Amino acid sequence: MTHLQGTETAYFDALLEALETRLTESLRQPLEQIISTSSEPTREVWDFKDAASQESELAISESQAGRSAIELREVQDARQRIRQGSFGLCCDCGEPVDLARLRAVPATRFCLNCQSRHEKQP
């Protein structure tokens, strides 16, 4: 079903596994920061700059965690496609995804043409 050779599939599986590990770890860090920030002892002197700074840091952490969670799901889906034998085939048209595209974006689900069509949709 897949157009990739066994060694290429093994390469992408190892690459995606490393990405999954990195993303899982990156999701732990913002969570730990949010927990530590919320459990900090209350200071007697607290100004608006401190509050704004803390709120900004938490917003950034939450945003980064959100992006990492989406990317982690995409990586897990790609690893599932490897197990099913459909990795490297476009999920829309079924045509092989260019190897250079897979190397650049290993968790991609679409060939370049289908990806462009998805990006143009509102």
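Computed from a prediction, not measured in an experiment: that's the story for all the values here.
Here the closest heavy-atom approach between residue Leu27 and residue Ala69 is recorded as CD2-N, 3.8 Å. Here the shortest heavy-atom pairing between Gln80 and Arg83 reads OE1-NH2, 2.9 Å.
A donor-acceptor contact shorter than 3.5 Å links the side chain of Ser26 to the backbone of Leu23. No side-chain donor-acceptor contact under 3.5 Å links Ser86 to the backbone of Ile82.
Taking Arg103 as the reference, nothing meets the side chain to side chain donor-acceptor pair (under 3.5 Å) condition, with sequence neighbours excluded. Evaluation of the side chain to side chain donor-acceptor pair (under 3.5 Å) rule for Arg22 yields no partner, not counting sequence neighbours. Under the salt bridge (charged side-chain N to carboxylate O under 4.0 Å, His left out) criterion, Arg117 pairs with Asp92, sequence neighbours left out. Applying the side-chain contact (heavy atoms from CB on, under 4.5 Å) criterion to Glu95, with sequence neighbours excluded, gives Cys93. Scanning for side-chain contact (heavy atoms from CB on, under 4.5 Å) contacts around Ile70 gives Glu74, with sequence neighbours left out. In this structure, the salt bridge (charged side-chain N to carboxylate O under 4.0 Å, His left out) partners of Arg79, at least two apart in sequence or on a different chain, are Asp13, Glu20. With sequence neighbours left out, Glu119 forms a side-chain contact (heavy atoms from CB on, under 4.5 Å) with Gln115. For Arg67, the salt bridge (charged side-chain N to carboxylate O under 4.0 Å, His left out) test picks out no residue, with sequence neighbours left out. For Asp98, the salt bridge (charged side-chain N to carboxylate O under 4.0 Å, His left out) test picks out no residue, with sequence neighbours left out.
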Quiz prompt | Stepwise side chain to side chain contact (heavy atoms under 4.5 Å, CB included) test for Thr7 and Phe12 | solution = CA-CA 9 Å; Thr7 55; Phe12 284 111; over 6 Å; no
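Screening residues 92-122 for ring pair (Phe, Tyr, Trp, His ring centres under 6.0 Å) gives Phe110-His118 as the qualifying pairs, with residues at least two apart or on separate chains. Listed by first and then second residue, the ring pair (Phe, Tyr, Trp, His ring centres under 6.0 Å) pairs involving residues 56-79 amount to none (not counting sequence neighbours). Among residues at least two apart or in separate chains, there is no ring pair (Phe, Tyr, Trp, His ring centres under 6.0 Å) pair with a member in residues 53-77.
Salt bridge status for Arg81 with Asp77: absent, with no side-chain N to carboxylate O gap under 4.0 Å.
Taking the side chain as every heavy atom from C-beta outward, Tyr11 and Leu15 approach each other to under 4.5 Å. In this structure the side chain of Thr108 reaches within 4.5 angstrom of the side chain of Val97, judged on heavy atoms. Counting heavy atoms from C-beta on, the side chains of Leu19 and Leu72 never come closer than 4.5 Å.
Note on Leu16: it clusters hydrophobically with Leu99, by side-chain heavy-atom contacts below 4.5 Å among ILVMFWY residues.
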